[in-house]
Amino acid sequence: EATMTLSETEYTYDGNAKNPSVTIRFESDGATGADGTTGSATTLTEGTDYDVTYKKVNGESEDDIAANQIITAGTYKAIATAKGNYTGSKEATFTITKTSITPTVTLEGWTYGTTAKTPTISGNTGNGSVTYEYKLKTAEDSEYKADAPTEAGDYTIKATIAATANYEAATATTDFTISKANITPTVTLEGWTYGATANTPTITGNSGDGTVTYTYKAEGAESFVETAPEAAGNYTIKASIAETTNYNSGEATATFTIT
C-alpha cells in the first residue's frame, strides 16, 4: 500500500509560493520471498516514479494551478501520479491561511465648532475597507455608533478593517478629545443718576448661553461684591459666565458711573 505525506500541511500567506515536499512510500506486505528475505518499505523518487501536480480548491470545484502560482490564501491539493514501474495516484491537501494584521488608528482632537479632523490608518497591509465608529471614552463597547461626535468631550474611535483575500480582519482604537471652545464676552452698563432706577447690564459673546453672575466694586476697592451699588461714584462691573457643555467659562468687565 502506498502512502503519501507532505512536508507541510499549513502555511501562512507571505506573498511567496508554497510547495510542500511530497514523499511516496510503498509499505512492505511482510511476505518472505523465495530467497528467504522479507520485503521492506520503498521510498519512490519524484520525477522517476511519480510526478506532482497541483489543484486549487474553489468551493465545489478544483482548478489546475502551477507550483509557482500557489501563493494566495486557500486550500490546495498536491496530486502524485505514478509512472515507470508504478501505477495509480495519491493526493493530499494543504492550506495557506490569511495573515493577521496589527493596524493602528490615530485621530487628532479639535475644538468644538471647528472642522473635525480625519482619522489616519496604518498597518492596513491588505488595503481592506475601513469603517469608523465612535463612543464616549467612558461608555461600554456596545455604545459604538457610526456618527462622529460633535459635542465637546473625551471619545474613543474604533477602526474596523475588513478581511481581504490574504489578510484577516482587524480593529484598532484610540482616544481623542473635542475641546470646549473659548468665549470672548463683553459687558456694558450705562450709568444712571443717584436715586433713579438702575440700568440693566448687557452681555454679548456668551456663545454657550452660560449662566451669568454680576459682581461690582467701587473705584479704589480691592474686591468685587455681589450687591449692586446705589451711592454716587465710579464703579466696575464684572460679568462671570459659567462654562457649558461646549464652551469654557469667561469674564468681562466694564466701568460705569452713578452721578
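The figures that follow rest on heavy atoms only: side chains count, while hydrogens, waters and symmetry mates do not. For the single chain, residues carry numbers from 1 onward in sequence order.
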I'd like to know if Ile161 and Tyr132 are part of one continuous hydrophobic network [Ile/Leu/Val/Met/Phe/Trp/Tyr, side-chain heavy atoms within less than 4.5 Å].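 Per the 4.5 Å side-chain linkage, Tyr132 and Ile161 are co-clustered.
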
Search all heavy atoms of [X] against all heavy atoms of [Y] and return the closest pair with its distance.
| X | Y | value |
| --- | --- | --- |
| Ala152 | Lys180 | CB-CG, 3.8 Å |
| Tyr167 | Gly126 | CD1-CA, 3.4 Å |
| Tyr214 | Ala239 | CE2-CB, 3.8 Å |
| Ala252 | Thr186 | CB-CA, 3.8 Å |
| Thr188 | Ala254 | CA-CB, 4.4 Å |
| Ser7 | Ser21 | OG-N, 2.7 Å |

Where the side chain of [X] meets the backbone of [Y], is there a donor-acceptor pair that is under 3.5 Å apart?
| X | Y | value |
| --- | --- | --- |
| Asn199 | Gly191 | yes |
| Asn166 | Tyr13 | no |
| Thr97 | Tyr11 | yes |
| Asn19 | Ala67 | yes |
| Thr114 | Thr111 | yes |

Is it the case that more than 12 heavy atoms not belonging to Glu151 sit under 6.0 Å from its CD atom?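 More than 12 within 6.0 Å, yes.
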
Atom NZ of residue position Lys137 - does it have more than 12 heavy atoms of other residues, nucleotides or ligands inside 6.0 Å?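 No, NZ of Lys137 has 12 or fewer neighbouring heavy atoms, counting only those of other groups under 6.0 Å.
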
So Lys135 and Asp141, side chain to side chain contact (heavy atoms under 4.5 Å, CB included) or not? Walk me through it. CA-CA 8 Å; Lys135 72 177 183 70; Asp141 286 350; 3.4 Å; yes

Go through the steps for Phe94 and Ile70 under the test side chain to side chain contact (heavy atoms under 4.5 Å, CB included), then give the verdict. CA-CA 11 Å; Phe94 64 99; Ile70 302 175; 3.9 Å; yes

Heavy-atom side-chain proximity of Tyr144 to Thr156 below 4.5 angstrom: yes

Measuring only between side-chain heavy atoms, which start at C-beta, is Asp64 closer than 4.5 Å to Thr53? no

Cut-off 3.5 Å, side chains only: do Ser240 and Thr213 have a donor facing an acceptor?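 No, Thr213 and Ser240 have no side-chain donor paired with an acceptor closer than 3.5 Å.
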
Distance-only side-chain donor-acceptor flag, Thr12 / Thr99, under 3.5 Å: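 Distance-only check fails for Thr12 and Thr99.
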
Intermediate values then yes/no, side chain to side chain contact (heavy atoms under 4.5 Å, CB included), Val22 and Tyr50: CA-CA 10 Å; Val22 176; Tyr50 65 93; 4.1 Å; yes

Is Glu168 salt-bridged to Lys98, cutoff N-O under 4.0 Å? no

Assess whether side chain to side chain contact (heavy atoms under 4.5 Å, CB included) is satisfied between Val130 and Asn124, documenting all intermediate values. CA-CA 9 Å; Val130 184; Asn124 183 8; 3.7 Å; yes

